[in-house]
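In what follows, a single structure is set out as structure tokens and then discussed.
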Amino acid sequence: MRIFGRALLALLALVAVVGGVLVVRTLTVKPIGAEGAPKIAAAPPIDVDRAAQRLAMAIRFQTISRQDQAFDPAPFDGLHAFLRETYPLTFSKFTVETPVGRSLLMTLPGSDPSLKPMLLMAHQDVVPVDTGSEDKWRAPPFAGAIADGYVLGRGATDDKGTLIAILEATEALLAQGFTPKRTIILAFGHDEEVSGSGAKAMAELLKSRGVTPWFALDEGLAIVDRFPLTGKTTALIGIAEKGYLTVKVTGVDVGGHSSMPPRLTAAEKVAKALVAIDDKGFPGGLESGPARLMLEALTPDLPFAQRLVMANLWLFRPVVEGEVGKSRAGEALMRTTVAPTILAGGTKENVLPQEASAIVNLRLHPRDTMESALARLRAAVAGIEGVTIEPLPRGQNASPVSTTTGDAYALIAATAQAVAPGVPVAPGLVLGATDSRHFAGVAENVYRFAPAVFTDADLAGIHGTDERLSIANIKRMTTFYAQLVATGAS
Ligand SMILES: [Zn+2]
């Protein structure tokens, strides 16, 4: 009895201690980026309706990037002439360079050369409209229509909205007589949607000049309405983007008549290889990395019960990983994903193929590299004879992970909060690729964020039908860039 009594007491003491730790940690979590947040400067007056009309006009230049066609500079030349005419102060005070194609690299030198420049990015090109989908649009995709509080058309969000918002901001500041202490660089790529060669050339040019920007800010994430984790509107600042690797899995066999098949045909070898790759999977979770940082940043905004769990990942991490992994997006945040996309092999129903293949697309988490991922895939299929795995060209490692503790992150987060009051801000991981990847190793930190509030319907239009940007977002974005520059460059 006495022994049971002591054991019970010890257990109760342990529960009390653990419970105490859980509650203390729950009550003391602090938002990320809150320390060192600067006081945000007031925005200059901006004519939002005029900005919306200018975005509508920019959409009419059909600066389309096509995978399978030669680059046509004419629409870009038209867009440039329009921008020069519309933003005369910006185009006269900034030096304007075109290092390659029709990319624009613009620089306004600051008065204090000891301060590292800030670099703001957008791209001028847009994706084509799917053939046959044109009449599903509320307005023709290149008409540049404005209706019901939205600018409609291809590129409204991706990414001419940002392009126009940045130029509206610089023009309004210059009209007020603003002279920056810190150099401001604008980098507007012309082929983000195909190769990003423009951004690459601009990054190399800056590097060759020894320019190391304080930070680069590009598209990637935004203010999401509503974010599943918090159940409310949440601003996500991309601190990294996933890498890209496509491999070809090939199975070979001597072929022959299908009436006398070998133990494993070429097709079966590929099938077995895909199953083996799937079984092995990629490790991942919330031990560290952007997903972990995102949860930590959002924890203070969660209801008590959820906060208790998130503030104590040392205890609840496996449970949370299980929950996060239930959604596709959650899985993609935590690990490298593997998606077989094209299967091929065989030409006749009674002939054994001598070769069968699968194209498999991977999106690399920052913890994996192209080399380590390839090695993992090859190890997974090592036991299957007659199977090889080769990478296809155009692979790309994940970007480095930018810090959430520096003054650049604090500036972007605080400016986001200024245009979206009360909205929690957290770091995030961009699942696609942006032009900003070329600035890793050039800029100190790279962030990917547009200060626009996007609903699911807004997001569906990006690369889809009925792309649109609300006038409320144009106001938010223009104000954001003006405040970011006014605060960060003076
Ligand atoms: Zn884009």
Side-chain angles (χ1 to χ4, degrees), residues 55 58-59 61-67 71 75-76 79 83 101-105 119-130 141-142 144 151-167 186-203 216-224 235-244 363 394 396 398-399 412 428-440 443 446-454 456-470 473-474 476-478 480-481:
L55 172 58
I59 287 169
F61 299 95
Q62 300 194 22
T63 52
I64 303 171
S65 273
R66 295 182 195 276
Q67 203 86 47
F71 176 67
F76 290 84
L79 176 66
L83 295 177
R102 290 298 185 274
S103 285
L104 291 172
L105 183 65
L119 170 62
L120 304 180
M121 299 176 62
H123 61 88
Q124 309 166 48
D125 60 320
V126 299
V127 293
V129 173
D130 261 1
F142 293 101
V151 175
L152 308 167
R154 174 59 83 227
T157 293
D158 185 14
D159 189 29
K160 284 178 176 166
T162 300
L163 176 75
I164 293 297
I166 291 172
L167 291 171
L186 311 179
F188 300 143
H190 72 285
D191 59 355
E192 191 273 346
E193 301 288 2
V194 277
S195 67
S197 76
K200 190 163 183 261
M202 292 190 285
L217 178 62
D218 196 9
E219 62 175 343
L221 294 178
I223 305 172
V224 184
L236 298 174
I237 298 171
I239 55 169
E241 62 189 54
K242 288 184 99 173
Y244 190 100
R363 300 305 174 106
R394 291 194 302 122
Q396 173 95 30
S399 74
I412 294 166
L429 176 63
V430 178
L431 303 180
T434 71
D435 262 353
S436 73
R437 67 187 183 278
H438 299 295
F439 289 85
V446 178
Y447 299 105
R448 302 149 188 89
F449 174 68
V453 178
F454 290 136
D456 287 345
D458 294 324
L459 293 172
I462 300 173
H463 290 213
T465 294
D466 269 341
E467 184 172 348
R468 64 185 195 181
L469 186 66
S470 72
N473 272 332
I474 294 171
R476 225 173 257 124
M477 293 164 76
T478 309
F480 171 90
Y481 291 112

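Just so we're clear, the structure is a prediction, and the values are computed from it rather than from any experiment. Order of listing sets the numbers, starting from 1, for every ligand and every atom in it.
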Check: Out of Leu236, Asp218, Ile223, which residue meets the side chain to side chain contact (heavy atoms under 4.5 Å, CB included) rule with Phe449?
Finding: Ile223

Next item on the list: List for me each residue that meets salt bridge (charged side-chain N to carboxylate O under 4.0 Å, His left out) alongside Arg437, sequence neighbours excluded, and say none if there are none.
Entry: none

Next item on the list: Can you check the number of protein N/O/S atoms within less than 2.8 Å of the Zn ion (ligand 1)?
Entry: 4

Margin query: Checking side-chain polar atoms at under 3.5 Å, does Thr434 have a donor or acceptor matched by the opposite partner on Glu241?
Written below: yes

Next item on the list: Go through the side-chain N and O atoms of His123 and Asp158 and say whether any donor and acceptor fall under 3.5 Å apart.
Entry: yes

Margin query: Test your reading of the model: is there a side-chain donor-acceptor pair from Asn473 to the backbone of Val453, 3.5 Å cut-off?
Written below: yes

Check: Distance-only, no hydrogens or angles: does the Gln396 side chain make a donor-acceptor pair with backbone N or O of Tyr244 under 3.5 Å?
Finding: no

